[in-house]
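Below: one structure, written as structure tokens.
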Amino acid sequence: MLVNCMFCALMALACCGAPAGYAGTYPEQVRIAVIDDVPSTVAGMALLKEAYARLGVDMQVLVLPSRRA
């Protein structure tokens, strides 16, 4: 069930890509919401922070309770 939800979320993000005219530009900053008290979020945040740092994009993490993430 969780794998299906993750697959659907990734497919939805892939469909919402930037237009071709904006493909080479990156935002200056992104904010990502994560669920509080989930062990896998620590690894995910570290991975995303490193990836965005390599692109020169500042990433802020918003840690929220599961109802609001």
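Just the heavy atoms: all of them, side chains too, but no hydrogens, waters or symmetry mates, feed the values below. Numbers here simply count residues along the sequence, with the first being 1.
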TODO: Could you check if a side-chain atom of Ile32 sits within less than 4.5 angstrom of a side-chain atom of Leu48, using non-hydrogen atoms only?
DONE: yes

Task: Residues which pass side-chain contact (heavy atoms from CB on, under 4.5 Å) with Val63, listed by chain and number, not counting sequence neighbours - done: Val34, Asp36, Val61

Task: pair Gln29-Val57: side-chain heavy atoms closer than 4.5 Å - done: no

Task: For Arg31, all residues meeting salt bridge (charged side-chain N to carboxylate O under 4.0 Å, His left out), sequence neighbours excluded - done: none

TODO: Kindly compute the distance separating CD (Glu50) from CE (Met45), expressed to the nearest 0.5 Å.
DONE: 14.5 Å

TODO: Taking the side chain as every heavy atom from C-beta outward, state whether Gln60 and Val30 have any atom pair closer than 4.5 Å.
DONE: no

Task: All salt bridge (charged side-chain N to carboxylate O under 4.0 Å, His left out) counterparts of Glu28, not counting sequence neighbours - done: none

